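Below is one structure, written out as C-alpha cells; the observations come after it.
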Amino acid sequence: MKNLKIMSKMLGGLLVLGILAACSKADNEATPDLSRVPTHIKVDYKATVSQQLLDAATVVVRYVNEDGHTAIEQLTSTTWAKSVIIALPGKAGLNIVPTMKSGVSEGEYILEAKGEMTYNWLENGQLIWTGHTVSTPPMEGVFYASGLSAYLNAIASKCQVARSFTTDYGVNNATITIGTNGDDSTQNTGISDEGATEDNR
C-alpha cells in the first residue's frame, strides 16, 4: 500500500510536469520569431447566412482584395469563402450587406448572418506565424415580413469587421471606406470592427 501511494505521487508529479511543459510550449508558440519579417498577410474570409435570409434579400459580401480595394460578390448559397494575400503594411475587411427583395411573401423569416476573417503572417509566401480569427457579432432573429427591412439594415451595419497590419506583427482596429461600385473612396459606408470579437486560433 505504501509503495502504491509513492507511485501515485510520482505519477501525479510527472503529470503536473507534463502539463507545465505543454503550457510553456504553447506560450512559446504564441510569440512570433522577431528575426523573421513578414511581407504579407494571408486572409481567409468566410460568411454564413440562413437560407431564409437569401429568400428574403439579395445578399452581397464586400471585402478588401489583394490590391487593397473593395471587391463585391453576391451570395448564391448559405456559405461563402475567399482567400487573399495582402502586402504589408495593409488592411483587410469584410461586410455582409443584404437588400430586401421586392414581393417578399408574408410570414416568419429566420434571419442569420455571421462573418469571419482569419489572418496568418507570411514571409515571401512562407507561413511564419499563425494569427487569429476575428468574427462579426452574430446576427440572428425571427421576423415577420413587415419588420424585415429594419433588421436587414442592422445586419449591414453590424456584420462587418476590419483590421490593419504592419510589418512588425502589429494589428490594429481599422475602418475601411467602401463604395458600392468597388471603388474604396466614393462613399462613406465603412467596414469597421465595432462589436467584433477576436479569438486566438
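Basis for what follows: all heavy atoms, side chains included, without hydrogens, waters or symmetry-related copies. Keep in mind the model is a prediction, meaning the values are calculated, not measured. We're numbering straight along the sequence, starting at 1.
- Evaluation of the side-chain hydrogen bond (donor to acceptor under 3.5 Å, both in side chains) rule for K114 yields no partner, not counting sequence neighbours.
- Checked against side-chain hydrogen bond (donor to acceptor under 3.5 Å, both in side chains), K82 has the following partners two or more places apart in sequence or in another chain: E73.
- Going from atom CG of L53 over to atom CD1 of I155 covers 5.0 Å, rounded to the nearest 0.5 Å.
- Residues satisfying the side-chain contact (heavy atoms from CB on, under 4.5 Å) test with T99, not counting sequence neighbours, are none.
- Distance alone, capped at 3.5 Å, places no donor-acceptor pair between the T136 side chain and the C159 backbone.
- M117 and L122 fall into different hydrophobic clusters, defined by Ile, Leu, Val, Met, Phe, Trp and Tyr side-chain heavy atoms under 4.5 Å apart, directly or through other members.
- Residue I85 is not grouped with residue V64 when hydrophobic side chains (ILVMFWY) are merged at heavy-atom distances under 4.5 angstrom, including chains of intermediate members.
- Looking at heavy atoms from C-beta onward, E106 lies out of side-chain contact with Y144 at the 4.5 angstrom threshold.
- Note that OG of S164 is 6.5 Å distant from NZ of K91, once rounded to the nearest 0.5 Å.
- Taken from OH in Y151 to CG in L111, the straight-line distance is 6.5 Å, to the nearest 0.5 Å.
- Contacts of A47 classified as side-chain contact (heavy atoms from CB on, under 4.5 Å), with partners at least two apart in sequence or in another chain: V61, W80, I96.
- Screening L152, T76, L54, V97 for a side chain to side chain contact (heavy atoms under 4.5 Å, CB included) involving V59 leaves a single residue, L54.
- The list of salt bridge (charged side-chain N to carboxylate O under 4.0 Å, His left out) pairs with a residue in residues 31-41, not counting sequence neighbours, reads R36-E123.
- Under the side-chain hydrogen bond (donor to acceptor under 3.5 Å, both in side chains) criterion, Q74 pairs with no residue at all, not counting sequence neighbours.
- Checking side-chain atoms of N120 against main-chain N and O of G131 turns up a donor-acceptor pair under 3.5 Å.
- Between the NE2 atom in H40 and the CD1 atom in I128 there is a gap of 11.5 Å [rounded to 0.5 Å].
- Shortest non-hydrogen contact noted between A56 and L148 is CB-CD1, 3.9 Å.
- Smallest separation of non-hydrogen atoms from S135 and E116: OG-CG, 3.6 Å.
- When the side-chain contact (heavy atoms from CB on, under 4.5 Å) test is applied to D55, the partners found at least two apart in sequence or on another chain are Q51, Q52.
- Applying the ring-ring contact (aromatic ring centres under 6.0 Å, His included) rule to Y45 yields the partners Y63; only residues at least two apart in sequence or on another chain are considered.
- There is a path of hydrophobic side-chain contacts, each under 4.5 Å, that joins W121 to I86.
- Of all heavy-atom pairs spanning V49 and S77, the tightest one is CG2-O, 4.3 Å.
- Residue pairs meeting the salt bridge (charged side-chain N to carboxylate O under 4.0 Å, His left out) criterion with at least one partner in residues 133-156, sequence neighbours excluded, do not occur; the list is empty.
- Sorted by first then second residue, the salt bridge (charged side-chain N to carboxylate O under 4.0 Å, His left out) pairs that include residues 92-102, not counting sequence neighbours, number zero.
- In this structure, T48 has no side-chain hydrogen bond (donor to acceptor under 3.5 Å, both in side chains) partners at least two apart in sequence or on a different chain.
- In this structure, D67 contributes its side chain and H69 its backbone to no donor-acceptor pair below 3.5 Å.
- K42 is linked by a salt bridge (Lys or Arg N to Asp or Glu O under 4.0 Å) to D44, counting only residues two or more places apart in sequence or in another chain.
- By the neighbour-count criterion of 12 heavy atoms within 6.0 Å, atom CG of L127 is densely surrounded, having more than that number from other residues, nucleotides or ligands.
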